Novice: 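Right, I'll just put the structure down here and ask away after.
In this text, all values refer to a predicted model and were calculated from it rather than measured experimentally. Naming convention: chains lettered A, B, ... in sequence-line order (proteins, then strands); numbering from 1 in each chain.
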There are 2 protein chains.
Amino acid sequence: MNEALRNPKMRTAVKMRAGAAQKDVTEVEKKGRKASKETRRLQLIEATIDSLARRGYADTTLADVADGAGLSRGIVNFHFESKEKLLVATLQFMADEYANHWYSALEKAGERPADQLWALVAADFDRRICTKRKLAAWCAFWGEAKSRPTYQALCGARDVKYQEIVVSLCARLKEEGGYDYVVEPMALAVSTMLEGLWLRLMMGDGLTREKAHEAAVEAITAMFPRHIARTGPK
Amino acid sequence: MNEALRNPKMRTAVKMRAGAAQKDVTEVEKKGRKASKETRRLQLIEATIDSLARRGYADTTLADVADGAGLSRGIVNFHFESKEKLLVATLQFMADEYANHWYSALEKAGERPADQLWALVAADFDRRICTKRKLAAWCAFWGEAKSRPTYQALCGARDVKYQEIVVSLCARLKEEGGYDYVVEPMALAVSTMLEGLWLRLMMGDGLTREKAHEAAVEAITAMFPRHIARTGPK
DNA sequence: ACATACTTGCTGAATATTCATTCAAAATAT
DNA sequence: ATATTTTGAATGAATATTCAGCAAGTATGT
């Protein structure tokens, strides 16, 4: 496939298919031009995630991204200005997607803190979010985050707001259940456990999304024994 | 300091100091030559960890490593053959150090499973192991692990053996305390929580080693309520 | 004791490679 | 016709690797 895309003739075929998909979008929107531009950007971002997952941060080249998207070499510098900006846009994209996902899961959950916590956990191991491909891309960014402030800021995906919510859920659960843990450390343990499971999912061979979810449910059930999950892992 | 080391005269001074230290070793060992070679390798490995922590994997160059060690440009290819081999040796070094550390902590702990679990937890947040510098280096490797089998193998620092031990501890604790969790998921949750705390320590701003340890103790205490920590975090 | 050849560790300039970026020209859309 | 998007070859910067030679030590012979 990589080889095929290096051949201009083959690439044309790919482009035409992409063009057809784009036309459908165009018919819905008013400005086809702008839609096209946004489509290309998304296409390049997806190709970037692929490359990060396949080759890691250090070996992700613009050539590989362009090939993955079935476009030519100069294309990234036209749509994003530089490699750095492409990577930031990619991380931003993933961070937004992640945040929107858990936030809407939280809105759909009931009022009770236990339901909300289970909803957050389930959201983390949802099909759409928790793919090997995306986890690998996340981890590639984590590896560079400490030395790049821009990444560091965006990598707080489970960011301040998320942490505040987990803290408040732990506080409400404590009150409801009469537990006697200290709230902040407990909330930290819960959210880092989810992160740790992500990390393992990406590295470990045998671990599946379902098993990771099960582990989270098992641990949280033990931590909050008077709040049984109404919705376990599927 | 970096500037100073770029100056050959200054570098000579550094080398002479290193030479003096080496002489002491020579008096103890028989072959001073070989000791020197191993010393240099360790010196370069330490410089590599520094560079990884300071600049991340992608920006770690041989020039930076050589400068950090106060030696010349060609030095790495003389002692390790290639950049790749230097990085593998560095990861190997960290993995060995980590494994030795938790293993000896386990040996020093008592017979009771609870004591052993608390010892493992404390080992993870020990001063010698859990430094910002080393955590950053670990994370740099994690980011590349998925795309490089060699790293992937070594990055299972909390590897199969470690996981087996945690599983058996969870099983023994379950029996002792009459808990009713499922063992494997629980063990997975415990060990990934520790990993997740490491990840946060490296990225998070306000989090300290002590707070992370406290969170681990809080969560594990909640998970195994009939086994109170005899040794909490300092 | 001294000289000679030999070994080892190291240096730093030269080389080769990889890759982001640029840009003139072609293709495509409006 | 004009503007926009895309191409792909050319450019240049960064950097891993090579290697001829230097320096300091070590063994051997006289």
Novice: Who pairs with R148(B) by salt bridge (Lys or Arg N to Asp or Glu O under 4.0 Å), at least two apart in sequence or on another chain?
Specialist: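 Partners of R148(B) under the salt bridge (Lys or Arg N to Asp or Glu O under 4.0 Å) test: D59(A), E84(B), E144(B).
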
Novice: For R133(A), check salt bridge (Lys or Arg N to Asp or Glu O under 4.0 Å) against everything at least two apart and list the hits.
Specialist: E46(A), D50(A)

Novice: If we count only N and O atoms by modelled type, under 3.5 Å, do the side chains of D159(A) and Y98(A) hold a donor and an acceptor together?
Specialist: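 There is no such pair between these side chains.
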
Novice: Counting primed atoms plus P, OP1 and OP2 as sugar-phosphate and everything else as base, spell out the protein contacts along nucleotides 13-19 of chain D at 4.0 Å heavy-atom distance: B, S or - for each nucleotide, 5' to 3'.
Specialist: --SSBB-

Novice: If you check every side-chain atom of S72(B), which of dG9(C), dT6(D), dG12(C) has the closest atom?
Specialist: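 So the side chain of S72(B) is nearest to dG12(C).
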
Novice: If I take atom CZ in residue F80(A) and atom P in nucleotide dA20(C), what distance separates them, rounded to the nearest angstrom?
Specialist: 15 Å

Novice: Of all residues at least two apart in sequence or in a different chain, which pass the salt bridge (Lys or Arg N to Asp or Glu O under 4.0 Å) check with K85(A)?
Specialist: E81(A)

Novice: Find the distance I75(B):CD1 to dA13(C):P and express it as a whole number of Å.
Specialist: 15 Å

Novice: List in chain and number order the residues that pass salt bridge (Lys or Arg N to Asp or Glu O under 4.0 Å) with E97(A), two or more places apart in sequence or in another chain; answer none if no residue qualifies.
Specialist: K134(A)

Novice: Separation of L71(A) atom CG from dT28(C) atom P, in whole Å?
Specialist: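 It is 13 Å, rounded to the nearest whole Å.
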
Novice: Rounding to an integer number of Å, can you tell me how far D67(A) CG sits from dG8(D) P?
Specialist: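 It works out to 11 Å between those atoms.
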
Novice: From NE2 of H79(B) over to P of dT8(C), roughly how many Å is that when rounded to an integer?
Specialist: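 That distance rounds to 13 Å.
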
Novice: Over how many whole Å does the gap from E38(B) atom CD to dT8(C) atom C1' extend?
Specialist: 16 Å

Novice: Can you measure L42(B) atom CG to dG9(C) atom P for me and round it to whole angstrom units?
Specialist: 15 Å

Novice: Run the side-chain hydrogen bond (donor to acceptor under 3.5 Å, both in side chains) test against K132(B) and tell me which residues pass, sequence neighbours left out.
Specialist: none

